[in-house]
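Reading through the structure tokens given below for one structure.
One-based numbering along the sequence shown.
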Amino acid sequence: MRKVLNAATLLYLLVPNLLFLAGWVQPVVAGVVGMLLLVAAWYIGKHAAGEMLPWSRKDTLGVALLALLCLGWVESIGLNGHVIQHNDFIVRNAIYDTLVRESWPIAGAGETYFSYYLAFWLVPAGLSKLIPSIHAAHWLYMWAYLGVLLAMLQLYVRWRWRAVLFLVLLVLVGDVSIWYRHYAIPLATKLSGAESPCTQWLLEHEVWFSFPYTDSWTHLRNMFNHIIPTWVLLGLLVARSLRPRDELYAAAMLPICSPMAALATLPLLACRLLPRLRQEGWELLCNTPTAIACLYLPLPLLYLAANEGSNIFFSPTGIGNTSYAAISSGGWLLVYAIAAASILIPACILLPRSYRHTGLFYCVCVLACLFPLIWVGTRHNELAMKGSGVMWFCLVWLYTHAIWHTGRQYARRWVIFLLISAPMAGVCLVGVCIKSWSREPSTVQEHICGEWQGHLNHPHDPLYHSFRSRQPTTLLFRSPGK
């Protein structure tokens with residue numbers, strides 16, 4: 001059973017890359033590279049982990065509960081319009097609808113080349129072309145649900161009911177500094193007035209707590225196309241379903257879906273692979289699947305680099321003079337320290353010492369310290385927003401194990417932490433998702449963001465200019481319409 005699950009999970013990452021090759025890369029190159037990727041995937045699946053703990057009726061009940069929770073979280077995204085969609089769907093709906101209706105590679109306004117991390121939509125868009133009788137939104141919904149379910153099943157087959165607790169915590173736990181931004185300032189305004197010295201002081205120092213460690217709830221609602229394939233990859237890595245020498249191949253399947261999340265997985269891969277070099281030698285890094293992955297990886301990177309704007313790899317925060325003012329006044333050190341401390345101090349208090357000497361914790365430390373440094377220093381947030389999903393996955397998995405083993409001993413400590421870090425997701429779940437849920441056709445239409453009317457060819461829309469792209473070399477890539 002675990003062999004089948006590993007094969008399905010690896011295919012979930014691989015198939016969008018094969019469709020990218022088929023639709024965007026010249027046929028000769030796509031055929032050769034695609035065959036090599038398939039051969040490497042078959043070889044990896046053959047040697048993937050197959051052992052499992054004994055199965056019981058209680059475990060079957062756990063799978064059913066896990067599947068139900070996954071369904072609820074995917075429903076909260078709003079892919080089918082049952083729940084009100086986030087404003088980011090203005091762009092995401094347009095991209096997906098264009099992939100469904102137009103030939104690949106798709107073009108922007110004026111038949112210009114379109115470059116974006118679009119691989120997550122390729123499978124449901126392709127199925128929509130093949131079976132148009134099923135609505136395209138339903139294919140996207142099923143593909144998203146399958147990804148979340150596969151990621152959680154990877155954990156469940158090894159750790160059983162801990163995976164159920166992990167999924168609940170993953171979506172609920174967030175940055176403790178949200179209390180300042182979302183509760184302290186509104187409460188002070190309500191109690192003492194907007195012009196009071198207390199409220200003004202809080203507003204003046206809001207920059208201290210302005211760094212966005214994007215929590216998993218926000219990722220799932222706003223950036224599902226990034227976080228779901230990232231969860232699938234992390235599920236494989238954390239469950240140790242693949243041999244260490246094959247993990248780089250699996251990681252190479254992520255950049256076309258989310259280049260920043262792929263970059264954020266490098267510390268985790270380093271913490272897992274480098275200590276094994278003494279035991280297994282350089283064959284750990286220099287092997288056939290890794291060589292094939294290195295042969296393929298330049299293709300998605302060259303495609304993404306064709307974007308002339310900065311939205312693919314880096315995006316301005318939009319806050320204005322936050323970082324420059326902080327740096328010029330010397331306050332950047334305080335911003336950086338508060339951001340890192342909001343993650344690391346709770347982790348050091350809650351996690352036993354043995355948990356703080358693991359690759360997952362080292363990865364959390366690197367990412368928690370790296371993200372605010374880049375954000376404050378360069379005024380760009382793309383790595384922090386997309387990559388923080390990797391940090392939260394690793395940190396919450398450590399929290400899950402700690403609660404499982406020390407929950408009774410430190411129950412008060414854990415309850416206080418969850419009360420501080422979880423309210424934001426709870427408020428969104430109740431106030432946005434449950435409150436707005438409806439299957440009425442008129443309400444569903446209101447929930448769907450369609451300002452672009454589902455098409456990218458709107459050059460007068462200001463959002464279009466974020467996606468200006470140049471044609472990459474025709475030696476490797478196809479032109480739109482061909």
Side-chain angles (χ1 to χ4, degrees), residues 8 10-31 33-35 37-38 41 74 77-82 85 89-150 224-226 228-229 232 253 256-258 296 299-300 303-304 306 441 444-445 448-450 452-458 464 467 469 471-472 476-482:
L10 193 60
L11 282 174
Y12 189 92
L13 295 171
L14 175 63
V15 171
N17 288 270
L18 295 178
L19 290 177
F20 165 71
L21 288 173
W24 276 260
V25 179
Q26 293 290 358
V28 175
V29 178
V33 177
M35 287 299 299
L37 287 177
L38 284 170
V74 173
I77 301 174
L79 295 173
N80 50 16
H82 293 167
Q85 295 180 344
F89 274 78
I90 295 174
V91 175
R92 309 206 191 289
N93 287 342
I95 293 172
Y96 180 51
D97 192 73
T98 306
L99 284 169
V100 171
R101 292 188 298 99
E102 303 291 338
S103 60
W104 300 349
I106 59 175
E111 299 303 312
T112 58
Y113 201 80
F114 181 79
S115 173
Y116 195 76
Y117 23 64
L118 42 69
F120 181 79
W121 290 287
L122 295 184
V123 172
L127 291 171
S128 298
K129 291 175 180 291
L130 292 174
I131 312 176
S133 58
I134 298 178
H135 196 279
H138 298 328
W139 284 119
L140 182 60
Y141 186 97
M142 289 186 284
W143 182 247
Y145 176 67
L146 178 62
V148 176
L149 185 61
L150 286 174
F224 63 90
N225 57 307
H226 294 272
I228 292 177
V232 173
M253 301 298 103
I256 191 61
C257 299
S258 180
Y296 162 70
L299 292 174
Y303 165 76
L304 294 173
V444 168
Q445 191 61 38
I448 295 174
C449 293
W452 267 6
Q453 299 177 356
H455 201 282
L456 296 173
N457 292 307
H458 286 266
Y464 166 76
F467 302 96
S469 304
Q471 169 72 49
L476 296 176
F477 295 94
R478 299 181 181 185
S479 300
K482 297 182 181 179

Separation of [Y] [atom2] from [X] [atom1] (nearest 0.5 Å):
X    : Y    : atom1 : atom2 : result
L118 : W104 : CG    : CH2   : 9.0 Å
K129 : S103 : NZ    : OG    : 7.0 Å
F120 : R92  : CZ    : CZ    : 11.0 Å
N225 : S258 : CG    : OG    : 7.5 Å
S115 : L304 : OG    : CG    : 5.0 Å
L149 : M142 : CG    : CE    : 14.0 Å

Exercise. Is the side chain of R478 donor-acceptor paired with the backbone N or O of V25 at a distance under 3.5 Å, no angle test?
Worked result: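 Yes; at least one donor-acceptor contact below 3.5 Å.
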
Exercise. Is a side-chain donor or acceptor of Y12 paired with a backbone partner of P229 at a separation under 3.5 angstrom?
Worked result: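 Pair absent, no side-chain N/O of Y12 close to backbone of P229.
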
For this session: Give the ring-plane orientation class for W121 versus F224, where under 30° counts as parallel, over 60° as perpendicular and anything between as tilted.
Result: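 Judged by the thresholds at 30° and 60°, the geometry between W121 and F224 is perpendicular.
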
Problem set entry | Results of side chain to side chain contact (heavy atoms under 4.5 Å, CB included) for L130 - residues two or more places apart only |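 Side chain to side chain contact (heavy atoms under 4.5 Å, CB included) check on L130 returns nothing, list empty.
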
Exercise. side-chain hydrogen bond (donor to acceptor under 3.5 Å, both in side chains) with Y141: which residues, sequence neighbours excluded?
Worked result: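 With sequence neighbours excluded, Y141 shows a side-chain hydrogen bond (donor to acceptor under 3.5 Å, both in side chains) to E75, given in chain and number order.
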
Problem set entry | For Y145, ring-ring contact (aromatic ring centres under 6.0 Å, His included) partners two or more places apart |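 Checked Y145 against ring-ring contact (aromatic ring centres under 6.0 Å, His included); zero matches.
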
Exercise. Hey, mind stepping through L299 and W24 against side chain to side chain contact (heavy atoms under 4.5 Å, CB included) and telling me if it holds?
Worked result: CA-CA 10 Å; L299 292 174; W24 276 260; over 6 Å; no

Quick one, [X] and [Y] - any side-chain contact, counting heavy atoms below 4.5 Å?
X    : Y    : value
W143 : I228 : no
F89  : I77  : yes
Y303 : L476 : no
S128 : R101 : no

Problem set entry | For A136 against V100, the heavy-atom pair lying closest together |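 Taking every non-hydrogen atom into account, CB-CG2, 4.1 Å.
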
Sequence neighbours left out, cut at 3.5 Å: what donor-acceptor pairs do the side chains of residues 13-23 make with other protein atoms?
| residue | atom | partner | partner atom | Å |
| --- | --- | --- | --- | --- |
| N17 | OD1 | Y296 | OH | 2.5 |
| N17 | ND2 | L13 | O | 2.7 |
| N17 | ND2 | M253 | O | 3.0 |

Exercise. What's the verdict on side chain to side chain contact (heavy atoms under 4.5 Å, CB included) for L122 and I256, showing C-alpha distance, side-chain angles and the deciding distance?
Worked result: CA-CA 11 Å; L122 295 184; I256 191 61; over 6 Å; no

